[in-house]
Structure formats: structure tokens, C-alpha cells
Amino acid sequence: MTTIGEVGQRTRFDVREFARTARGNHRETLQLSEYALSPLNPESVRMVRYLGRLEGATMEHLRNLLVTATHKDARVTAFLVTWAFEKFWIADALDAVLEANGMERFQDVAEGKVRKSRSESADRRGPIRRALSAIRLGVPIVAVHTTTGLIDEWITRAAYLRLAAQSKSAALASTISMILDVKKRHQDFFDDESRRRLAESPRAAALTRKTLLTASWPIGAVDRAADDRSFFEEYVFGGDAGVASASEIEARVASLPGLDDRIGSAVARKLLP
Amino acid sequence: MDQMAFDVDKYTATSVSVNWSDLDLESFRDHPLNETSLRTLRYMTDVEYHTVCYTRDLLTTPSHKEADMSAFMTMWNREEFWHGEALSTVLGIHGITVDFDEVKAGRMKLGWKDRLDPIKQSVLGKIAGNDFVAVHMAWGAANEWSAIQAYNRMADLEEDPVLAELLKRIAKQEARHVAFYTSQARDRLAGSKKAQVLARFALGNFWAPVGSSIMEREEVVHVMNHLMSGPEGRKAARKIDAAISGLPGLQGLKIVEDSLDKLGIAA
Ligand SMILES: [Fe+2]
Ligand SMILES: [Fe+2]
């Protein structure tokens, strides 16, 4: 059960303050006219579109969380309301970048077939199966959700940094730095909640370990096109720089309370192309 | 989509958290609301905070076709959360603290019945496919209409100008929610006889006043007695019923009046 108050010596993430200072529409700050002179290359466009799809899928993700005990935690759900709002506007900013490059918004481009893999069946479960298994799992599932949220933030952060470096576009780099700034608070919340929950509850840690052994990344990837996923893996985690970035995430996962090297490497293995 | 289709882009571009910074809420210190109203406000606060949980009823998949639905729900969740914040600020001035953790305690009490809920919904969803989305939308419309009537009734009963203004602002946002849900429900119901039958069955048999699934029965009875009893209360209830029965296939439904009778609320 959750306790109220401080996490060790640190102040707890302030959900009310986060809600009060939520960041919405970014269209004025995107330097969109820059793209007329120096348009993005096709690979960058593809990454922008894919990241837009990931950021834009919050409601489905929320649905998956809320059919479990996570919906009983009003602090977590309050956070998720603002989190979804901010991600909506991140996706909108990415859409604006696509349009400024003469492309359609990501929703308007047909998506390819999803990857068929039996090892991903857990991530592919619909609401019924999720709700059924959640009855058995109870409150520790909240730790699973915040920890996967945290790791997802690390992964998408790596993707954005890679895109900023590879695109050679000052306008995009500036938009990405704004996006990472917005996402920083999401990471802070998940970080805070995960460490506390994993440290407090051996059951939560065990359940999280089990989930991370087979989880696919980023969150929501199972709903995305197979070829886009392969492209993402190659683009973000291919080559020496990519491997280094995956190793960094591996080490971070391994050092979370109650997790270990085995879990870290299971996550990293899933990232590599 | 008909010509009355809801403009989601316009909605998302103009969605804001309800503002009360210019309202003199401190006036409640000299003119506090009465116990009956505070108890009702407490109920409303919990209901507003709880709204996000209904995202679990979403049965659409992330797709081009349903992008509008996701966009609406994102903003809708946030507006409702801020209704909760506004009302909890009023309660706070009266010395009643509604903390997130307290709302959680309320949700925890629900037990196995509530746990089964998403499953029941999903099973229905599997059977009826897209028609279930129509039911979800009609249900949402009924709840939003109820919210408007509840806030209007509360404002009339209290006769406090500051509270009335705050509730008017909240009700104005509820009206946009109504517009979305009815435009969705109307289109989807009009396109499918099966959806109409299913919606009629679901609303007719399972609908209960907003908050019934998360609050104790005695709280529901209190709020309904406060807001929906007597001739004026019934008039408000009939307005909601009239709106619901205006949807395709739902003619003649009077789910609000029926539920008031079931709760024993005097007309
Ligand atoms: Fe509301
Ligand atoms: Fe509403």
C-alpha cells in the first residue's frame, strides 16, 4: 500500500504543481518556416512520424493501465491526465513539423502490418485479458506501470537525441530540446514512483522483473507497423553509438531497486536491431 | 458525419482548465455553504476526479479513423480533472480537504464488483464490435447532460453569486462535452439498428445516476434528494430524459426518472 509523504529525504513529485503548469500548444515556437529552406531528409521525416505515432497513442495506453488496480490510485491517475495532455501537444508539434516539410499528419498516413511474434503476446493482450490477470495481481501492478513508463522515457529520450544529432536541422534540434524538457517531468514522476514502489514491495519488484523479461519497446510498439519498428531499432540502437546507448539503459534498469543485471540485459536485448 | 459534426480540432485548440482566479472564493469564509450543499459538492468533486477512469471504456484502437476520439478524450479528461480541482478548492475554504490519496481510499472500497466492470464491458464490446462504441457515446451523453442539470440545480438552490458563477463556467464546459458525445452517438446510432437496440437495452437496464458506481448508496440518495427531488428536481430530470430520448432509437426512454423512483426520491 502506498504511504503518504516523503520519499526518503527527497520531496515527492508535486502532481498538483505539474497539473497547474502543464505545457500545451507549441506551434508558435517550432520555427516551421526554417524547413522551407532546409527540409528534413527522408529518414528524419520517418522518425518524426513514428515518434508522433508513439506520443499520440496515450488513450490506448491509459486504457490498458486503467483496467487494472492502477485506476484506484488517484495520485497516479491525476498525473496521467496531465501526462496525456502534454503528450497530445508533443504529437501535435511533430505533426506540425511533418506538415512544414510538405508531409501529411501522421494519422493521415496508412500504417503497415504489425509484427507477428508470439513472444509479444503479453503486450498484445486486449482489455479483457488485462483486466482478468489484473484481478490476481492487485496493487503491485502499479509499480510495473510506473517502471515501464520510466524505461520508456529513457528509450524515447535516446531516440530524440539520436534524431537531433542525425537530422542536422537546427529547427528540429530546438523542437526536440523543447520536447525533452516537457518529458523531463514525466520521467521524474515515473522515477520517483518506481523507486519507491520497487523498494517497498518485494511483490511489486518480482512482478516488474517478470514483466520486463518479455516487454517490447517502446510502449505501444506492438500496435505499430513491423517495418517502422525495425527502422526505429536500427536508427536509434544500430551501430556503435546505438549499442552504447542501449548499454547505458541496460545499466540503469539493472540498478533500479529489486532489479538486476539479468533484467537489464533482457531489456537491452529487445532494443537492439 | 452529419453537418452538425463536432469540430474536434477547434475543441482541442480552445480547451482550457476552468478558471476561478478572478472569483472571490474567500467570501465563503463569511458566507459558508450549508452542510447539505457541501456534502453534494464533495460527491461532485469525487465524480469529477474519477472521470479519467472511464477511459478504460474506450474500445477503439489507435487508428486514423478514431484520432478524433482520442483527441477529445485527452482534453475532456483534463477539463473534468480541473472541475474536481475547482470544487475541491471551494471545499478547502470550508476546511474540507480532498486529497488525491483520499479519493483513492474511496476507490479502494469498491471490491470485486468494480473489478469485474471492465471485463463485462469488454465482453460486450467483443460481441457488438463498433456498435458498443455507440452505446459508450450515448451513455456519455446521458452523464454529461446530468452534469449540466446537476450544476444548474445546485446554482439555483444555493443562490450564492460566487458559487453560481463557478458552476456556470463548469456547466459551459459540460455543454461542449454533451456536444461531442451526442454528435458521436447520433451518427453511430443512426447508422446501425443493432447499436440502437443495444443502447436502449444498456441504458434502460444498467444506467444509474453519475457516481453510483463509485459512491455509497446513501451519498447517491443524498445528492438526488438535494438536487432532483420535488417539482423543480423532476423538471430537471425530465429535461435529461427528453434529451436522451431524442437520440436515434432511444425514443421514450426515461432512465433518469426511473432511477429516481428506484432510489425513492420524492417527486
Ligand atoms: Fe465535469
Ligand atoms: Fe463533462
Checklist entry - Tell me, side chain or backbone of B:Glu85 under 4.5 Å from chain A's heavy atoms, or both, or neither? => result side chain
Checklist entry - Under 30°, 30 to 60°, or over 60°: which ring-plane class applies to B:Tyr49 and B:Phe81, parallel, tilted or perpendicular? => result tilted
Checklist entry - With under 30° as parallel and over 60° as perpendicular, where do the rings of B:Phe6 and B:Phe180 fit, or are they tilted in between? => result perpendicular
Item to check | Interface moiety of B:Thr74 toward chain A, non-hydrogen atoms closer than 4.5 Å | outcome: both
Item to check | Heavy-atom proximity to chain A below 4.5 Å, by part of B:Thr12 | outcome: both
Next on the checklist: Whether the side chain of A:Thr146 engages the backbone of A:Ala143 through a donor-acceptor N/O pair (distance < 3.5 Å, no angle test) should be reported.
Outcome noted: yes
Checklist outcome for this item: The interface call for A:Phe88 against chain B, heavy-atom contacts under 4.5 Å, is side chain
Item to check | A:Tyr50-A:Tyr235 aromatic ring centre distance below 6.0 Å | outcome: no
Next on the checklist: Report which part of A:Ala22 has an atom under 4.5 Å of a heavy atom belonging to chain B: side chain, backbone, both, or neither.
Outcome noted: side chain
Checklist entry - Side chain, backbone, both or neither: which part of A:Arg27 has a heavy atom under 4.5 Å from chain B? => result neither
Checklist entry - When you check the side-chain N and O atoms of B:His222 and B:Glu219, is any donor under 3.5 Å from an acceptor? => result no
